[in-house]
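The block underneath contains the structure these notes are about, expressed in structure tokens.
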Amino acid sequence: MANKEALRALQQRLAERLQTVRDQAPSRNWLAVEIAGHGFLMPLEQAGEIFPLAPAQHVPHSQPWFLGVANLRGQLHGVVDAAMFLGLSERAGRSLSDVAARDAGRLVALNTALQLNVALLIDRLLGLRNASMLKPAAREASAGKPHFIGQAMADEQGRVWYELDLAALSADEAFLKIDV
């Protein structure tokens with residue numbers, strides 16, 4: 001009899017815990033970065049390791065935004081100038097050594113789950129953000145906005161942040177086409 005009561009109590013506690021988990025909305029967390037003066041939020045589950053700038057081997061006949069291939073912790077990664085790819089900068093011919101000379105910039109690798117060895121060159125890391133720190137911002141015209149740029153959000157200081165969906169970016173046809 002005691003075993004049946006203990007089993008019922010266990011089932012009741014498990015049911016309560018499951019209900020609590022269902023009731024709590026999952027919290028979104030992002031890596032906040034700056035690219036060409038614009039704030040972007042990369043979902044933490046899609047971002048990978050953050051690297052200091054590393055020398056990259058130029059790849060002939062590649063897109064101007066493709067800076068080359070770098071050895072990051074023993075693995076080859078394509079390095080993409082995020083500002084150029086997003087159309088925020090026309091820094092054609094910019095190399096990683098140009099960025100390193102300014103002592104700025106980092107490489108943010110895509111999460112290995114995205115199955116693409118690519119690192120994005122960003123200007124600055126600005127920390128972590130979560131949903132409680134942001135609210136929906138007044139949207140700008142969405143005409144011409146790429147599908148991998150998500151909603152605009154604003155923080156308490158009024159800075160506008162744009163979600164950069166790395167999974168959608170990594171599947172984008174233009175992103176996958178590095179040759180001219």
Side-chain angles (χ1 to χ4, degrees), residues 25-54 56 62-70 72-73 75 77-92 94-96 98-99 102 104-178:
S27 178
R28 304 250 0 231
N29 294 302
W30 296 278
L31 175 64
V33 301
E34 188 172 87
I35 301 171
H38 298 275
F40 286 93
L41 300 169
M42 297 177 177
L44 276 182
E45 68 273 5
Q46 296 175 4
E49 192 169 351
I50 299 166
F51 296 96
L53 295 179
S62 60
Q63 298 286 348
W65 45 262
F66 189 76
L67 299 177
V69 179
L72 304 175
R73 244 190 242 282
Q75 290 189 333
H77 283 72
V79 179
V80 172
D81 185 330
M84 285 184 66
F85 180 79
L86 295 172
L88 300 173
S89 174
E90 295 184 16
R91 297 178 272 194
R94 180 172 94 146
S95 69
L96 287 177
D98 296 336
V99 177
R102 294 188 340 227
R106 294 284 182 271
L107 299 174
V108 177
L110 302 184
N111 191 300
T112 56
L114 298 178
Q115 299 181 346
L116 198 59
N117 281 3
V118 171
L120 299 175
L121 172 63
I122 55 123
D123 296 328
R124 288 182 22 194
L125 289 172
L126 299 173
L128 300 175
R129 302 290 187 274
N130 65 43
S132 67
M133 304 167 85
L134 303 163
K135 61 182 179 195
R139 293 208 87 180
E140 296 177 16
S142 61
K145 181 182 71 132
H147 66 94
F148 46 81
I149 302 291
Q151 70 182 55
M153 294 171 270
D155 60 19
E156 292 174 353
Q157 292 76 32
R159 178 158 189 184
V160 176
W161 299 88
Y162 298 93
E163 185 173 11
L164 179 57
D165 184 344
L166 298 178
L169 175 71
S170 68
D172 185 73
E173 188 176 316
F175 188 76
L176 297 172
K177 185 178 188 299
I178 64 164

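Checked by atom type and distance alone, the side chain of N111 pairs as donor or acceptor with a backbone atom of E45 at under 3.5 Å.
Distance check, rounded to the nearest 0.5 Å: NZ of K135 to CD of E156 gives 8.5 Å. To the nearest 0.5 angstrom, L114 atom CG is 6.0 Å from Q46 atom CD. Taking OG from S170 and CG from N117, the interatomic distance works out to 11.5 Å, rounded to the nearest 0.5 Å. For the atom pair CG of L72 and CD1 of I50, the computed distance is 12.5 Å after rounding to the nearest 0.5 Å.
Between A168 and F148, the closest heavy-atom pair is CB-CB, 3.8 Å. Taking every heavy atom of both residues into account, A32 and W161 meet most closely at CB-CZ3, 3.6 Å. When all heavy atoms of D123 and G37 are compared, the pair lying nearest together is OD2-N, 4.3 Å. Closest of all the heavy-atom pairs between P52 and L107 is O-CD1, 3.9 Å. Here the closest non-hydrogen pair linking W65 and K177 is CZ2-O, 3.5 Å. Here the shortest heavy-atom pairing between R129 and M133 reads CA-SD, 3.7 Å.
For the pair L120 and L169, the minimum side-chain heavy-atom distance is below 4.5 Å. Residues I149 and L164 have side chains in contact (heavy-atom distance under 4.5 Å, counting atoms from C-beta outward). Considering only heavy atoms from C-beta on, L53 comes within 4.5 Å of L121 through its side chain.
Using the six-membered ring where Trp is involved, F85 and F175 have ring planes that are perpendicular, over 60° apart on the 30 and 60° scheme.
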